[in-house]
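I have placed the structure first, in the form of structure tokens, so that the comments after it can refer back to it.
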Amino acid sequence: MKYWLVKSEPEVFSFEDLKGRKDQITFWDGVRNYQARNYLRDEMKKGDQVLFYHSNADPLAVMGICKVVKEGYPDHTQFDIDSYHYDIKADPKNPTWFMIDIKFVKEFKTPVTLQEIKSNPKLKKMQLVARGNRLSVLPVKKEEFDEIVKMGQQK
DNA sequence: GCCAACGTTGGC
DNA sequence: GCCAACGTTGGC
């Protein structure tokens, strides 16, 4: 099993939105970065645990945990001319972009803020806090995942 | 709203 | 294949 972190702008889709879904599942569409695409398509497996992070938000924080319930499959929005994520170069026979389905697992008692992550020596090496990182899907080490979950359970 | 960091595009 | 210009991300 692997561990991941996904970013979302809560204005667009928040952790509360995921929690509020009838089946608490959503497809993770709109990723248009090749490296993130490779993670979605090739490496994220059913049952993998995922931290849900709010970017461009207040607070900037990991809100809780979700998990992969469906592995990489073509992102239909690349072919939808009305979609913001439409990609004129995408070929239906050989899709460029992929998505996964994730399901709500648990909301943290307290969101783990970016500042707390930055000030925790155990999390210094997280890709999330690496310089210039802009990927919306990132691998997380088990130790880092466990540490953040621990922080999220504290009052 | 600013700007650093980075990815992508396109002219050559 | 290089690299300048441009667009996007995301923290501040």
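Protein chains get the first letters and strands the later ones, always in sequence-line order, with residue 1 at the start of each. None of the values given here were measured: they were computed from a predicted structure.
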Rounded to the nearest Å, what distance is computed from the CD atom of residue A:Q35 to the P atom of nucleotide B:dC6?
12 Å
Answer yes or no: is there an ion pair linking A:R21 with A:D17, defined by an N-O contact shorter than 4.0 Å?
no
Please find out if less than 6.0 Å separates the ring center of A:F104 from that of A:F15.
yes
Between A:K19 and A:Q24, is there a side-chain heavy-atom distance shorter than 4.5 Å?
yes
Tell me if a side-chain donor or acceptor on A:Q78 pairs with a main-chain N or O of A:T96 at a distance below 3.5 Å.
yes
Let me check I have this right: for DNA chain C, each base becomes ., (, ), [, ] or |, based on Watson-Crick or G-U pairs with both distances under 3.5 Å. What is the full string?
||||||||||||
Find out whether A:L123 and A:M151 are in side-chain contact, i.e. whether some heavy atom of one side chain is under 4.5 Å from a heavy atom of the other.
yes
How are the rings of A:F52 and A:F13 set relative to one another: parallel (under 30°), tilted (30 to 60°) or perpendicular (over 60°)?
tilted
Atom CG of A:N33 to atom C1' of B:dC6: distance rounded to whole Å?
10 Å
Rounded to whole Å, how long is the line connecting atom CG of A:D87 with atom P of C:dT8?
13 Å
Can you confirm whether A:M126 sits close enough to A:I148 that some side-chain heavy atom of one is under 4.5 Å from a side-chain heavy atom of the other?
yes
Is any side-chain nitrogen or oxygen of A:R131 closer than 4.0 Å to OP1 or OP2 of B:dC6?
yes
Measure OH/A:Y34 against C1'/C:dT8 and give the value in whole Å, please.
15 Å
Quick one: A:H85 NE2 to C:dT9 C1', roughly how many Å, whole number?
14 Å
Please give, in whole Å, the distance from B:dC6 C1' to A:L138 CG?
14 Å
So, for A:F79 and A:W97, is the gap between ring centers shorter than 6.0 Å?
no
What's touching nucleotides 10-12 of chain C from the protein side, N or O pairs under 3.5 Å?
from: C:dG10; atom 1: OP1; to: A:K7; atom 2: NZ; distance (Å): 3.0
from: C:dG10; atom 1: OP1; to: A:R134; atom 2: O; distance (Å): 3.1
from: C:dG11; atom 1: OP1; to: A:Y53; atom 2: OH; distance (Å): 2.9
from: C:dG11; atom 1: OP2; to: A:N56; atom 2: N; distance (Å): 3.2
from: C:dG11; atom 1: N7; to: A:N56; atom 2: OD1; distance (Å): 3.4
from: C:dC12; atom 1: OP1; to: A:K118; atom 2: NZ; distance (Å): 2.7

